[in-house]
Amino acid sequence: MSTTEFIRTATTFRAAVVRTPGGPDTVEIIDVPLAEPGAGEARIRIAAASVNPVDLATAAGWFHQQGLITQPEHTGTGWDFAGTLAAAGPGVGLPVGTRVAGLVTGLDRDFGTHAGSVIVLAQDLAVVPDDLDLVEAATVPLNGLTAAQIVDLLGDAPAGGRLLVTGAAGAVGGYVTSLAQDRGWRVTGLARTSDEEFVRGLGADFTTVAEPGWDAVADCATLQEQGLALVRDGGRFVGVRPGGEPAAERGISVASVSVQADGVRLAELLARTATGELPARVQAVVPLDRVTEAYRATAESGVRGRYVLEP
């Protein structure tokens with residue numbers, strides 16, 4: 001390694017950003033100055049970061065069009081990550097070198113986790129179990145926490161309560177299908193015929209066609225009004241589009257999840273993934289240099305695992 005290459009490596013990192021959105025091909029890699037963490041913050045050397053549908057929407061400009069992203073120069077992509085703690089600010093109790101995973105929330109930010117480094121609040125981090133690979137760990141934070149918070153919104157099941165999970169074989173739906181059973185729900189997963197073995201393997205019933213009358217629907221497939229129509233009068237509906245929920249009707253409780261970072265809950269999810277109780281969903285590992293390929297592949301119909309970027 002030359003002196004110039006060493007200085008570049010030591011003082012900068014690479015990050016995927018969108019300047020003028022227009023789809024996967026508008027994502028580019030830039031060099032970013034390395035910053036030091038402040039009080040209560042940690043800088044993480046990212047080892048793996050998953051690609052999620054929200055990243056595709058960012059690259060396509062959907063959030064820009066809604067006025068939710070107003071960054072003047074570029075917008076960073078990527079929400080969840082796994083890696084090692086590289087530097088810690090005052091008040092951080094984790095030592096350098098600790099393997100961690102976490103979630104960066106919010107849309108209007110200049111950098112995300114599709115990068116070589118990220119600075120986050122230490123309280124939002126979770127230590128990755130020794131027997132869980134960092135690539136697998138990187139697929140847990142966004143989808144696992146979203147699902148856990150959906151289940152929180154559903155609450156405990158009424159006696160014999162029947163829950164329909166739409167998109168039950170997807171990344172979020174698979175977690176909801178598993179986690180809702182902890183709250184007493186009798187879960188049925190709505191998915192494609194080819195997904196039956198996976199859904200039943202989570203301990204749920206399975207269907208490809210759903211009739212109305214469910215006590216609750218977790219609408220991970222964003223069926224929206226169609227999903228609401230499946231809920232019985234006075235039942236519960238939880239969606240995944242905050243601010244875009246279908247209008248409440250027939251006494252149905254309607255809510256949508258807006259995922260929040262939660263280090264304590266994430267630690268629980270990682271532990272259950274490490275034991276195999278929750279599935280690790282890795283489709284493929286792709287170098288950050290090929291980020292546009294990973295985005296295009298994520299957009300294909302029927303993808304069940306996550307494409308994971310390595311810086």
Side-chain angles (χ1 to χ4, degrees), residues 11-17 32-52 54-55 58 63 68-71 74-130 132 134-153 172 175 242 257-274 288 306 308-309 311:
T11 62
T12 66
F13 65 93
R14 299 186 308 154
V17 300
V32 181
L34 204 62
E36 294 304 316
E41 294 181 334
R43 188 177 77 232
I44 310 303
R45 182 182 298 110
I46 295 176
S50 60
V51 179
N52 294 283
V54 65
D55 301 311
T58 298
F63 299 114
L68 299 175
I69 293 179
T70 60
Q71 291 293 322
H74 54 70
T75 301
T77 59
W79 284 59
D80 44 10
F81 64 89
T84 56
L85 195 151
V92 174
L94 295 173
V96 169
T98 302
R99 300 188 334 139
V100 294
L103 176 68
V104 176
T105 60
L107 295 163
D108 197 23
R109 45 190 164 87
D110 49 1
F111 303 111
T113 66
H114 293 169
S117 180
V118 67
I119 292 179
V120 296
L121 290 173
Q123 67 184 24
D124 294 338
L125 294 171
V127 175
V128 177
D130 291 339
L132 183 62
L134 289 178
V135 168
E136 294 178 331
T139 67
V140 176
L142 177 58
N143 299 298
L145 287 173
T146 298
Q149 291 165 24
I150 287 173
V151 172
D152 287 345
L153 291 171
V172 174
Y175 280 117
V257 66
S258 181
V259 65
Q260 302 296 317
D262 185 336
V264 173
R265 180 70 67 85
L266 178 57
E268 297 172 359
L269 294 168
L270 291 169
R272 295 175 71 174
T273 304
L288 182 61
R306 286 289 179 245
V308 179
L309 298 171

Engineer: Can you name the nearest heavy-atom pair linking A101 to A137, along with the distance?
Structural biologist: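 Heavy-atom minimum between the residues: CB-O, 4.4 Å.
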Engineer: Please say which of N52, V257, L142, N143 ends up in a side chain to side chain contact (heavy atoms under 4.5 Å, CB included) with V172.
Structural biologist: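 Output: one option passes, namely N143.
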Engineer: Considering non-hydrogen atoms only, spot the tightest contact between V308 and A48 and give its length.
Structural biologist: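 Heavy-atom minimum between the residues: CG1-CB, 3.5 Å.
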Engineer: If you apply the rule side-chain contact (heavy atoms from CB on, under 4.5 Å), what do you find for D262 with V264, and how did you get there?
Structural biologist: CA-CA 6 Å; D262 185 336; V264 173; 3.8 Å; yes
Engineer: Let's go through I44 and L85 carefully: what are the C-alpha distance in whole Å and the side-chain angles of both, what is the deciding distance for side-chain contact (heavy atoms from CB on, under 4.5 Å) to 0.1 Å, and is it a yes or a no?
Structural biologist: CA-CA 5 Å; I44 310 303; L85 195 151; 4.3 Å; yes
Engineer: Is the side chain of S50 donor-acceptor paired with the backbone N or O of A138 at a distance under 3.5 Å, no angle test?
Structural biologist: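 Yes; at least one donor-acceptor contact below 3.5 Å.
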Engineer: Closest heavy-atom contact between L288 and A115?
Structural biologist: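 Nearest pair, atom of L288 first, then A115: CD2-CA, 4.2 Å.
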Engineer: Check for me whether the distance between the ring centres of H114 and F81 falls short of 6.0 Å.
Structural biologist: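 H114 vs F81: aromatic centres not under 6.0 Å.
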Engineer: Specify the closest pair of heavy atoms between V118 and V120, including all atoms of both residues, with the distance to one decimal.
Structural biologist: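 V118 and V120 have their closest heavy atoms at CG2-CG1, 4.0 Å.
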Engineer: Once you round to the nearest 0.5 Å, how far does CZ of R43 lie from OG1 of T84?
Structural biologist: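 Going from CZ on R43 over to OG1 on T84, the span is 10.0 Å.
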Engineer: If I take atom CZ from residue R14 and atom CD1 from residue I46, how far apart are they, to the nearest 0.5 angstrom?
Structural biologist: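 Between R14 CZ and I46 CD1, I get 12.0 Å after rounding to 0.5 Å.
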Engineer: Quick one, D124 with L103, criterion side-chain contact (heavy atoms from CB on, under 4.5 Å). Give me CA distance, side-chain angles, the key distance, then yes/no.
Structural biologist: CA-CA 7 Å; D124 294 338; L103 176 68; over 6 Å; no
Engineer: Is any side-chain heavy atom of Q260 closer than 4.5 Å to one of L145?
Structural biologist: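 A side-chain contact is absent here, since even the closest heavy-atom pair is not under 4.5 Å.
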Engineer: To the nearest 0.5 angstrom, please state how far the CG atom of L34 sits from the CD1 atom of I119.
Structural biologist: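 Rounded to the nearest 0.5 Å, the CG-CD1 separation comes to 7.0 Å.
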Engineer: What heavy-atom pair brings A88 and L94 nearest, and what distance separates the two atoms?
Structural biologist: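 The answer is CB-O, 4.4 Å.
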Engineer: When you measure from the side chain of T113 to the backbone of W79, do you find a donor-acceptor pair of N or O atoms at a distance under 3.5 Å?
Structural biologist: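 Judged by distance alone, yes, a pair lies under 3.5 Å.
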Engineer: Does the plane of the ring in F13 sit parallel, tilted or perpendicular to the ring in F111? Use 30° and 60° as the thresholds.
Structural biologist: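 Correct class here is perpendicular.
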Engineer: What is the distance from atom CD1 of I150 to atom OG1 of T146, rounded to the nearest 0.5 Å?
Structural biologist: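 It comes to 6.5 Å.
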Engineer: Look only at the side chain of T58 and the backbone of V54, and say whether a donor-acceptor pair between them is shorter than 3.5 Å.
Structural biologist: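 Confirmed, T58 side chain pairs with V54 backbone.
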Engineer: Considering non-hydrogen atoms only, spot the tightest contact between R265 and D152 and give its length.
Structural biologist: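 Heavy atoms of R265 and D152 come nearest at NH2-OD2, 3.0 Å.
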Engineer: Would you compute the distance between atom CD of E41 and atom CD of Q123 and round it to the nearest 0.5 angstrom?
Structural biologist: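 Here the interatomic distance stands at 10.5 Å.
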Engineer: Can you tell me how far CZ of R272 sits from OH of Y175, rounded to the nearest 0.5 angstrom?
Structural biologist: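 Reported to 0.5 Å precision, the distance equals 10.5 Å.
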Engineer: May I ask you to say whether R306 pairs ionically with D80, meaning some side-chain N is under 4.0 Å from a carboxylate O?
Structural biologist: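 Here R306 does not pair with D80 in a salt bridge, since their nearest N and O are not under 4.0 Å apart.
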